[in-house]
Number of protein chains: 2
Amino acid sequence: MIRAMEYNAKQLQIIEVAERLFAGKGFSGTSIRDIAHEADINVSMISYYFGSKEKLIEALFEVRSVESAARLETIISNEDLSPLQKVYILIDSAIEKLMGNQCFHNIMLREQLSGDDRTPVISDRIFQLKYKNWKGLESIIHEGQQKGHFRENVDISLLSATLYGTINQVITTQSFFRKINNLEHLSQAEFEKVLKRKLSIHLKSIFKATVTYETIE
Amino acid sequence: MIRAMEYNAKQLQIIEVAERLFAGKGFSGTSIRDIAHEADINVSMISYYFGSKEKLIEALFEVRSVESAARLETIISNEDLSPLQKVYILIDSAIEKLMGNQCFHNIMLREQLSGDDRTPVISDRIFQLKYKNWKGLESIIHEGQQKGHFRENVDISLLSATLYGTINQVITTQSFFRKINNLEHLSQAEFEKVLKRKLSIHLKSIFKATVTYETIE
DNA sequence: TAATAAATCAAACGTTTGTTTGATTTTACT
DNA sequence: AGTAAAATCAAACAAACGTTTGATTTATTA
């Protein structure tokens, strides 16, 4: 039985600072002196607590991966919801999760772009997270197909790619989105609210048209 | 009148090697000694030809941006095509472009993730590329709406995000896609062909359901 | 062919990198 | 209070970094 590592307050503080800096400048682009300075600690504390810079980002992934677990299971196993309702909740849950952890998901996207297995520990974690999400969507779609609500010829992989790809695209290009839609007068919080609502409507409409026999209203 | 810089064969060779390495390990993660070694040249040649490492990646963006220009205009201005046909061609064109320049688009995605304006030259180029693509889709949608073929309540920004986000997601997670769909026996070339066809069908189906009044067959 | 310019090279430059050291302070426990 | 462990620090470490230098070779031109 593998026990999850526990981190004290100081370690978590370092992890949080590292998360923000990695998101902004990338792993290679961020020095441990940057992190130490922002976290107001001595440079040697990072090696002292984590062993190395590499182990630090692995610790970050461990913490965030554990946080991200479960949640999906509660949606799927809810007997009171129709398959389409479950899909809708899954969409909103994905939007909330990705928009709420923009720094971490920025780092995840960067790591996905690194084709080489420089960091097999992290690659494994990303694979597991993606597999879990994919399995969740698959089980909901299958349930809808068995109940006759959903079409049979649904490409779940691509549907999953559209869900997460669209959200990622909106998040990574949000300043562009803001300019194009003349939303530069809004505060960041207000803008994110608008973005979430628009994304939710858009993705639900796509999923409805793609998986059900119904048409868009 | 700003003239596009011209690069000799040696410079282009360096740019190509740099493109491959930047895509694999990121800009900060790639040293000019890596590039020099792979390109089989002396380290000083990079400063000699480009001035600096920073200018090298700017040169890469200049070359690839110039290549990417036009093409869109020929689709839009073709009078013989219906709006939906134009959308379909735009989709296939986007798939072809992103899948055919995976290294460069990997780098573009990385640069988009770097929030800070460490490289305003590159940020500007990315903005222009995105703006051009967005304008292209917008003009086609508007034409379809004027002709009464397309719905009025179409969110073009999000539609654009779905188009490019889905393709990017598929490309960046293609090894995952391969495992999940049991396509590991295929060669890379065969796999990419399958991927392109699936993507094309998927995205066209989504666009048809989202912008037209017709239903999916 | 002689003179000039361009290209290439090994070597060195000064920084910055991640990490370690060893002394010192703070905390925890009996 | 006294001792052991944990935490913190400035300093040093070797390695890697991007860039420059100055000599040497190759190519061009007259």
Side-chain angles (χ1 to χ4, degrees), chain A residues 5-63 107 110-111 114 116-122, chain B residues 5-63 107 110-111 114 116-122:
Chain A
M5 179 68 169
E6 284 176 16
Y7 300 100
N8 62 40
K10 206 101 199 177
Q11 285 172 302
L12 290 176
Q13 178 206 346
I14 296 172
I15 289 177
E16 271 179 37
V17 170
E19 181 177 42
R20 180 163 48 82
L21 295 184
F22 287 161
K25 314 197 287 179
F27 179 75
S28 312
T30 304
S31 73
I32 63 161
R33 282 175 177 81
D34 289 337
I35 301 169
H37 181 256
E38 287 276 318
D40 209 36
I41 54 160
N42 190 275
V43 278
S44 62
M45 295 309 290
I46 288 162
S47 298
Y48 176 73
Y49 274 129
F50 300 95
S52 70
K53 187 187 175 190
E54 193 69 46
K55 294 272 186 62
L56 169 59
I57 194 177
E58 288 176 13
L60 164 61
F61 269 83
E62 182 181 340
V63 169
I107 298 171
R110 283 185 198 268
E111 288 296 321
S114 295
D116 60 352
D117 25 289
R118 172 192 56 109
T119 54
V121 183
I122 291 176
Chain B
M5 179 69 167
E6 283 176 16
Y7 299 100
N8 62 38
K10 206 100 198 173
Q11 285 173 299
L12 290 175
Q13 177 207 347
I14 295 172
I15 288 176
E16 271 178 38
V17 171
E19 181 177 42
R20 182 164 46 82
L21 295 185
F22 287 162
K25 313 197 288 179
F27 179 74
S28 312
T30 304
S31 73
I32 64 162
R33 283 174 176 83
D34 289 337
I35 300 169
H37 182 256
E38 288 277 319
D40 210 35
I41 55 160
N42 189 277
V43 278
S44 62
M45 297 309 290
I46 289 164
S47 297
Y48 177 73
Y49 275 130
F50 300 96
S52 69
K53 189 187 174 189
E54 193 69 45
K55 295 270 185 64
L56 170 57
I57 194 176
E58 287 176 13
L60 165 60
F61 268 83
E62 182 180 341
V63 169
I107 298 170
R110 283 185 197 268
E111 288 296 322
S114 296
D116 60 351
D117 27 287
R118 173 192 56 112
T119 53
V121 184
I122 292 176

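Every chain is numbered from 1, with letters handed out A, B, ... down the list of sequences.
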Among [options], which is the nearest nucleotide to the side chain of [X]?
X	options	answer
Y49(A)	dT8(D), dC17(D), dT19(C)	dT8(D)
K53(B)	dG18(C), dT8(C), dG18(D)	dG18(D)
M45(A)	dA7(D), dT19(D), dT8(C)	dA7(D)

Donor/acceptor link under 3.5 angstrom from S44(A) side chain onto base of dC9(D) =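 For S44(A), whose side chain was compared with the base of dC9(D), there is a donor-acceptor pair (under 3.5 Å).
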Mind checking the CD1-CE spacing from I32(A) to M45(A)? Nearest 0.5 Å is all I need.
->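 I32(A) atom CD1 to M45(A) atom CE measures 12.0 Å (nearest 0.5 Å).
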First locate atom CZ of F27(B), then atom CG of L60(B), and finally report the distance between them rounded to the nearest 0.5 Å.
->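 It is 10.5 Å, given to the nearest 0.5 Å.
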Of the non-hydrogen atoms in A36(B) and I46(B), which two are nearest, and what is the gap between them?
->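 Reported closest heavy-atom pair: N-CD1, 4.3 Å.
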Protein-nucleotide distance ([X], atom [atom1]; [N], atom [atom2]), rounded to Å:
X	N	atom1	atom2	result
D40(B)	dA10(C)	CG	P	11 Å
I46(B)	dT20(D)	CD1	P	13 Å
R33(A)	dC9(D)	CZ	P	15 Å
H37(A)	dA10(D)	NE2	P	12 Å
I32(A)	dA12(D)	CD1	C1'	14 Å
F50(A)	dT20(C)	CZ	P	15 Å
K55(B)	dT20(D)	NZ	P	10 Å
I41(A)	dG18(C)	CD1	P	13 Å

Pick base, sugar-phosphate or nothing for S52(A), based on heavy-atom distances below 4.0 Å to the nucleic acid.
->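 Sugar-phosphate contact only - S52(A) comes under 4.0 Å of backbone atoms but never of a base.
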Across the strands shown, which category fits S28(B) at heavy-atom distances under 4.0 angstrom: base, sugar-phosphate, nothing?
->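 The residue S28(B) makes no contact with any strand.
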Under 4.0 angstrom between [X] side-chain N/O and [N] OP1 or OP2:
X	N	result
K10(A)	dT8(D)	yes
N42(B)	dA7(C)	no
S47(B)	dG18(D)	no
Y48(B)	dA7(C)	yes

Among E16(B), R20(B), R33(B), which one satisfies side chain to side chain contact (heavy atoms under 4.5 Å, CB included) with E38(B)?
->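 So the option named by the test is R20(B).
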Donor-acceptor pair, K10(B) side chain versus I41(B) backbone, under 3.5 Å?
->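 Side chain of K10(B) to backbone of I41(B): no pair is present.
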